[in-house]
There are 2 protein chains.
Amino acid sequence: MSATNTARTPLARQVAEDLRRRIVSGEFAPGARLPSEAEMCEHYRVSRVTVRTAAKALESQGLVDIRHGSGMYVVDLGGRIRSGLQELRSITETIEESGITAHVRRVSLTRRPALEAEASRLDIPRGSDIVIVHREIFAGDETVAISIDAMPAHLIPPAEDETLGHASVFGVLDRLGLEPVRALAEIHAVRGSDVDIADDDVSEQLLVLLDQVHFDRIGRPIAYSKTYFVEGRFQFTILRTR
Amino acid sequence: MSATNTARTPLARQVAEDLRRRIVSGEFAPGARLPSEAEMCEHYRVSRVTVRTAAKALESQGLVDIRHGSGMYVVDLGGRIRSGLQELRSITETIEESGITAHVRRVSLTRRPALEAEASRLDIPRGSDIVIVHREIFAGDETVAISIDAMPAHLIPPAEDETLGHASVFGVLDRLGLEPVRALAEIHAVRGSDVDIADDDVSEQLLVLLDQVHFDRIGRPIAYSKTYFVEGRFQFTILRTR
DNA sequence: TAGCGGCGAGTTGTAGGACAACTTTGAGCG
DNA sequence: CGCTCAAAGTTGTCCTACAACTCGCCGCTA
């Protein structure tokens with residue numbers, strides 16, 4: 001890393017991401033003290049302001065703890081995972097990180113007019129088309145989750161229909177210049193038998209529904225999704241901070 | 001607010017909290033541009049470093065959006081709530097904020113030796129005493145949630161037994177100098193009939209279980225709690241950010 | 001010798017000024 | 001009317017300095 005800002009990503013963000021990578025990679029053990037701000041300035045060849053901005057970002061992510069007069073420490077939550085649902089990343093990615101090797105099967109991809117409720121959630125004219133991707137995520141032969149993703153059709157060129165849904169939906173959105181930066185999620189408990197897309201494997205189970213709307217940087221909704229996790233087969237966590 | 005730092009809370013934090021208060025109070029509408037950093041410096045009588053630190057904190061809380069060369073804007077999520085579970089605050093407080101006027105009833109307070117699993121979660125010697133508070137939160141005559149809080153008994157002087165659990169447990173912990181700054185939460189879907197503390201009102205319902213461990217600044221577990229939300233009666237949200 | 005107190009080095013928090021990078025606006029021109 | 005571009009405004013980064021806090025070391029004392 002150098003002080004010359006070749007990319008358009010702010011320096012502080014670059015530093016934060018590298019620091020984050022080094023921490024989760026285990027270069028710094030939980031509870032360990034990180035190098036001082038002065039040392040990091042030398043290492044990254046940036047000013048103290050930049051280092052501090054990066055450090056503060058990691059702190060509010062709950063990754064490190066900054067103590068006045070003492071130093072910066074890697075947060076130790078007793079071996080429990082620290083990357084949780086409060087950080088926006090794809091569901092498949094989240095599941096992978098928990099150590100489960102998951103497979104994704106696209107059940108269907110549909111283009112059809114949006115219902116009233118769908119149009120209102122995506123803030124689009126009622127009756128305009130949306131793209132709906134129905135997927136199943138499983139580990140071995142067990143279903144871990146079922147997901148429904150919906151996006152305004154005008155955002156997705158038909159050429160993408162082939163690829164969309166076989167891997168992360170995020171990847172496709174990124175390629176189209178639609179970067180979701182925020183998502184608002186609700187959580188519900190539902191019976192598998194009450195979910196019409198559930199197959200036999202899950203209809204007897206309880207499900208945790210993660211009901212989300214994704215937004216881009218300027219606050220426009222670009223997708224919504226419903227992810228049904230089969231209770232007990234995959235456990236996500238939420239790190240709450242002050 | 002003044003530049004003289006009378007309290008021991010850092011200036012940047014004070015500014016962040018006041019700014020936050022002003023935003024949620026509606027002084028700045030969603031989508032509106034906030035005063036520039038320079039203007040805030042004058043208003044709060046602090047340096048730009050402090051203002052920026054506060055602003056960055058609010059940004060990573062998902063409350064504002066800072067755009068290089070343009071300004072700072074209140075995040076607009078289409079009227080949906082923005083204060084979610086990713087921020088650590090008491091459950092009662094969270095419920096109140098959603099507009100529901102909730103009442104708390106303490107069902108019981110018990111001191112007894114910790115079971116194996118409990119001791120391990122709280123990182124205390126097996127068999128040492130813990131304090132268990134069983135509470136019910138309701139709106140009108142409907143049960144909204146049932147909660148179980150457990151803390152190492154040696155942290156709670158018996159004199160507190162009277163008050164503990166009639167309001168927020170956080171308040172008591174604060175007074176004892178035990179400030180929880182992080183919590184790791186798991187979420188489960190459970191049947192009311194499978195929860196032994198459920199009364200008749202909820203035993204027929206589905207419940208969302210929020211299973212948490214609370215930590216202090218240096219990473220010691222100081223409490224764990226299980227909160228059972230009756231599905232459909234109170235909806236919490238999670239704001240996910242990148 | 002054990003305990004206490006305080007000094008000092010190291011570290012994070014805040015201040016102020018300067019310039020770079022970026023966005024927005026609007027005046028001027030074809 | 002639409003385009004270019006200069007200028008003003010705003011956030012990003014750098015530098016230097018000092019305040020506030022933490023922690024270990026060392027000497028003093030009982």
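Note on naming: letters A, B, ... go to the chains in the order of the sequence lines (proteins, then strands), and numbering restarts at 1 for each one. What you are looking at is a predicted structure, and each value in this text was computed from that prediction instead of being measured.
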Return the 5'-most residue of the pair B/V51, A/G71 with respect to DNA chain C, ranking by each residue's nearest nucleotide. A/G71
Carboxylate-amine/guanidinium proximity below 4.0 Å for A/R111 and A/D129: no
In whole angstroms, how far is the [atom2] atom of [N] from the [atom1] atom of [X]?
| X | N | atom1 | atom2 | value |
| --- | --- | --- | --- | --- |
| B/Q14 | C/dT14 | CD | C1' | 12 Å |
| A/H68 | C/dT11 | NE2 | C1' | 8 Å |
| A/R45 | D/dC15 | CZ | P | 11 Å |
| A/D65 | C/dG13 | CG | P | 10 Å |
| B/Y44 | C/dG13 | OH | C1' | 19 Å |
| B/E37 | C/dT23 | CD | P | 16 Å |
| A/E39 | C/dG10 | CD | P | 11 Å |
| A/Y73 | C/dG10 | OH | P | 15 Å |

Quick check against the 3.5 Å criterion: does A/S60 have a side-chain atom that pairs as donor or acceptor with the backbone of A/A57? yes
Taking the side chain from B/Q212 and the backbone from B/E186, do they hold a donor-acceptor pair closer than 3.5 Å? no
Presence of [X] side-chain N/O under 4.0 Å of [N] phosphate oxygens OP1/OP2:
| X | N | result |
| --- | --- | --- |
| B/S47 | C/dA15 | yes |
| A/R8 | C/dC22 | no |
| B/S70 | C/dT23 | no |
| B/T53 | C/dT14 | no |

Do A/Y224 and A/D149 get their side chains close enough for a donor-acceptor pair, meaning under 3.5 Å? no
Taking the side chain as every heavy atom from C-beta outward, state whether A/R112 and A/E118 have any atom pair closer than 4.5 Å. yes
Any B/E87 side-chain heavy atom under 4.5 Å of A/T241 side chain: no
Sugar-phosphate, base or nothing in reach of B/A12, heavy atoms under 4.0 Å: sugar-phosphate
Report the nucleotide, chosen from [options], that has the shortest atom-to-atom distance to any side-chain atom of [X].
| X | options | result |
| --- | --- | --- |
| B/I66 | D/dG12, D/dC14, C/dG13 | D/dG12 |
| B/R33 | D/dT10, D/dT13, D/dT11 | D/dT10 |
| B/R52 | C/dA15, C/dT11, D/dG12 | D/dG12 |
| A/M72 | C/dT12, D/dT13, C/dA15 | C/dT12 |

Any donor-acceptor pair under 3.5 Å between the side chain of B/R48 and the base of C/dG17? no
Base of C/dG13, side chain of B/R13 - is there a donor-acceptor contact under 3.5 Å? no
Residue met sooner reading DNA chain D from 5', once B/K56 and A/R67 are mapped to nucleotides: B/K56
